[in-house]
Chemist: 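The structure's right below; bear with me while I get my questions together.
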Number of protein chains: 2
Amino acid sequence: MQRPYKDIIQRLQAVGLRPTRQRLALAKLLFEKGNRHISAEQLHAEAQSEKMPVSLATVYNSLHQFTAAGLLREVVVDAGRSYFDTNVEPHHHFYFEESGHLEDIDRDQLRLEAVPDAPEGMAVSRIDVIIRVNRSQ
Amino acid sequence: MQRPYKDIIQRLQAVGLRPTRQRLALAKLLFEKGNRHISAEQLHAEAQSEKMPVSLATVYNSLHQFTAAGLLREVVVDAGRSYFDTNVEPHHHFYFEESGHLEDIDRDQLRLEAVPDAPEGMAVSRIDVIIRVNRSQ
DNA sequence: GTGATTGCAAATCTTTTGCACTAAA
DNA sequence: TTTAGTGCAAAAGATTTGCAATCAC
């Protein structure tokens, strides 16, 4: 943690993004705390409280740039709110309906059997499995 | 089609919804054209052009009431836009990323193997599988 | 220097809400 | 009648955009 931003700087440069102060701050929050599922709003709030002020617009820009670069994956579970997942390996999710919380399901804890062919002329870009759970009935 | 609204009226009454003019119009558009995946905005536009004017607020209200009553299922694939599916049987979806189009995958065309247990104290409410496809690379 | 990046505020888009009016039972 | 339902216009969220100021290289 005392280590400087060397790793992060290289990581950003590797995908062609200039390591600006804002991107470094956000990348630090995102990637140095294990796997996270975070919304733009949450990340923005976290940056403020960690004394690394970044504007909300820049948070959105960075999240999308990181996603395009393959450093993040966007997970959509809820109309009108995106989560960004720092785990970009193929895997699935539990979604806690009441709290909005997400939890990873390892790819080999849940396998798909007999996946149908993609429609004519189409290529599969990703398969998302979301298991929605709630507190009993 | 010439048949009056008898079936739809009964269907609405069966789930405790008064068969108002607006709900009848929307239910007719939704349920008499086979399986559909439609957004509120689309349904609203369709109602206007079919000379069955319904306000957008009422379209949203009705879609949510129909969903709560089990006549529709909400599908979230895209941040900031909900689709409503008239097929309420368990099944999955192809999602065409460029066009935003959805296509059903029959439940037995794609089975899940070794679904993990729900977390402690949680019950599974639904499992969604979305296969995202796009036009080659 | 020069082009990429940022921040702000305004704009956009989807969805929800408050409330007076209307219609179903 | 009586209560549920509707429409409008305004409000609320989330996200995007335009553009001048700033920063990385």
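We name chains A, B, ... by the order of the sequence lines, and we start the count at 1 in each one. For clarity, every value in this text was computed on a predicted model and none was experimentally measured.
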Chemist: Quick one: does A:R107's side chain have a donor or acceptor within less than 3.5 Å of a partner on A:E89's backbone?
Modeler: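 Not confirmed, A:R107 side chain does not pair with A:E89 backbone.
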
Chemist: For the side chain of A:R23, counting heavy atoms from C-beta on, which of C:dT6, C:dT15, D:dC25 is nearest?
Modeler: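 From the listed options, C:dT6 comes nearest.
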
Chemist: Phosphate oxygens OP1/OP2 of D:dT6: is one of them under 4.0 Å from a side-chain N or O of B:T20?
Modeler: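 Indeed, a polar side-chain atom of B:T20 lies that close.
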
Chemist: So if I take every side-chain heavy atom of B:Y60 and compare against C:dT16, C:dG3, C:dA25, which nucleotide ends up nearest?
Modeler: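 Nearest to the side-chain atoms of B:Y60, counting from C-beta on, is C:dT16.
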
Chemist: Rounded to whole angstrom units, what separation is found between the CD atom of B:Q42 and the P atom of C:dC13?
Modeler: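 Atom CD in B:Q42 sits about 16 Å away from atom P in C:dC13.
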
Chemist: If you look at every strand shown and take non-hydrogen atoms under 4.0 Å, does B:R18 touch a base, only sugar-phosphate, or nothing?
Modeler: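 Base contact - B:R18 has a heavy atom under 4.0 Å of at least one base atom.
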
Chemist: Short question: side chain of A:Y95, backbone of A:D78 - any donor-acceptor pair under 3.5 Å?
Modeler: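 Such a contact is absent between A:Y95 side chain and A:D78 backbone.
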
Chemist: Counting just side-chain N and O atoms, does A:Q65 come under 4.0 Å of either OP1 or OP2 of C:dA4?
Modeler: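 Checking C:dA4 against A:Q65, no side-chain N or O comes under 4.0 Å of OP1 or OP2.
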
Chemist: Does a side-chain N or O of B:H64 approach OP1 or OP2 of C:dT16 to a distance below 4.0 Å, or not?
Modeler: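 Yes, because at least one side-chain N or O of B:H64 sits under 4.0 Å from OP1 or OP2 of C:dT16.
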
Chemist: Map A:P53 and B:G80 onto DNA chain C by nearest heavy atom, then report which one ends up closer to the 5' terminus.
Modeler: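 The residue mapped nearer the 5' terminus is A:P53.
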
Chemist: Does the B:T86 side chain pair with the main chain of B:F31, one donor and one acceptor, at a distance under 3.5 Å?
Modeler: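 Here the side-chain-to-backbone pair does not exist.
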
Chemist: Would you mind reading off the distance between B:I9 atom CD1 and C:dA24 atom P, rounded to a whole angstrom?
Modeler: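 Distance, rounded to whole Å: 11 Å.
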
Chemist: What nucleotide, of D:dG7, D:dG5, D:dT15, holds the atom closest to the side chain of A:A40?
Modeler: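 The nucleotide sitting nearest to the side chain is D:dT15.
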
Chemist: Between A:E98 (side chain) and A:R135 (backbone), is there a donor-acceptor pair under 3.5 Å?
Modeler: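 Such a contact is found between A:E98 side chain and A:R135 backbone.
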
Chemist: Distance check needed: D:dA12 P versus A:R81 CZ, whole Å only.
Modeler: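 Interatomic distance, CZ of A:R81 to P of D:dA12: 17 Å.
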
Chemist: Quick check on salt bridge (Lys or Arg N to Asp or Glu O under 4.0 Å): which of B:K28, B:K33, B:K51 does B:E46 satisfy it with?
Modeler: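 It is B:K33, the one option of B:K28, B:K33, B:K51 that forms the salt bridge (Lys or Arg N to Asp or Glu O under 4.0 Å) with B:E46.
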
Chemist: Could you tell me whether the phosphate oxygens of D:dT6, OP1 or OP2, come under 4.0 Å of any side-chain nitrogen or oxygen in B:S55?
Modeler: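 No, B:S55 has no side-chain N/O under 4.0 Å of OP1/OP2 on D:dT6.
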
Chemist: Is the distance from OP1 or OP2 of C:dG7 to the nearest side-chain N or O of A:Q22 less than 4.0 Å?
Modeler: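 It does, given that an N or O in the side chain of A:Q22 lies less than 4.0 Å from OP1 or OP2 of C:dG7.
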
Chemist: B:L63 CG to D:dG5 C1': how many Å, rounded?
Modeler: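 Atom CG in B:L63 sits about 15 Å away from atom C1' in D:dG5.
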
Chemist: A:E41 side chain: which of C:dG7, D:dC25, D:dA14 is closest?
Modeler: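 Among the listed nucleotides, the one closest to the side chain of A:E41 is D:dA14.
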
Chemist: Is A:H44 touching bases, backbone alone, or none of the nucleic acid, heavy atoms closer than 4.0 Å?
Modeler: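 Nothing, no nucleic acid heavy atom in range.
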
Chemist: Using atom CG of B:L12 as one end and atom C1' of D:dA4 as the other, report the distance to the nearest whole Å.
Modeler: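 Distance, rounded to whole Å: 14 Å.
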
Chemist: Rounding to an integer number of Å, can you tell me how far B:R21 CZ sits from D:dA4 C1'?
Modeler: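 Result: 15 Å.
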
Chemist: Might you point out which heavy atoms bring B:L110 and A:P116 nearest each other, and give the distance in Å?
Modeler: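 In terms of heavy atoms, the two residues are closest at CD1-CD, 3.8 Å.
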
Chemist: Is there a side-chain contact between A:T58 and the phosphate of C:dG7, meaning an N or O under 4.0 Å from OP1 or OP2?
Modeler: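 Answer yes for this pair, as a side-chain N or O of A:T58 is under 4.0 Å from OP1 or OP2.
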
Chemist: Check the distance between D:dT6's C1' and B:L24's CG and give it to me in whole angstrom.
Modeler: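 Result: 14 Å.
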
Chemist: Rounded to whole angstrom units, what separation is found between the CG atom of B:N61 and the P atom of C:dT17?
Modeler: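 Those two atoms, CG and P, are 10 Å apart.
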
Chemist: Hey, does B:S82 reach any base, or is it just sugar-phosphate, or nothing, if we go heavy atoms under 4.0 Å?
Modeler: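 Touches sugar-phosphate only.
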
Chemist: Both B:A79 and B:A57 contact DNA chain D. Taking the nearest nucleotide for each, which residue is further toward the 5' end?
Modeler: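 Closer to the 5' end of DNA chain D: B:A57.
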
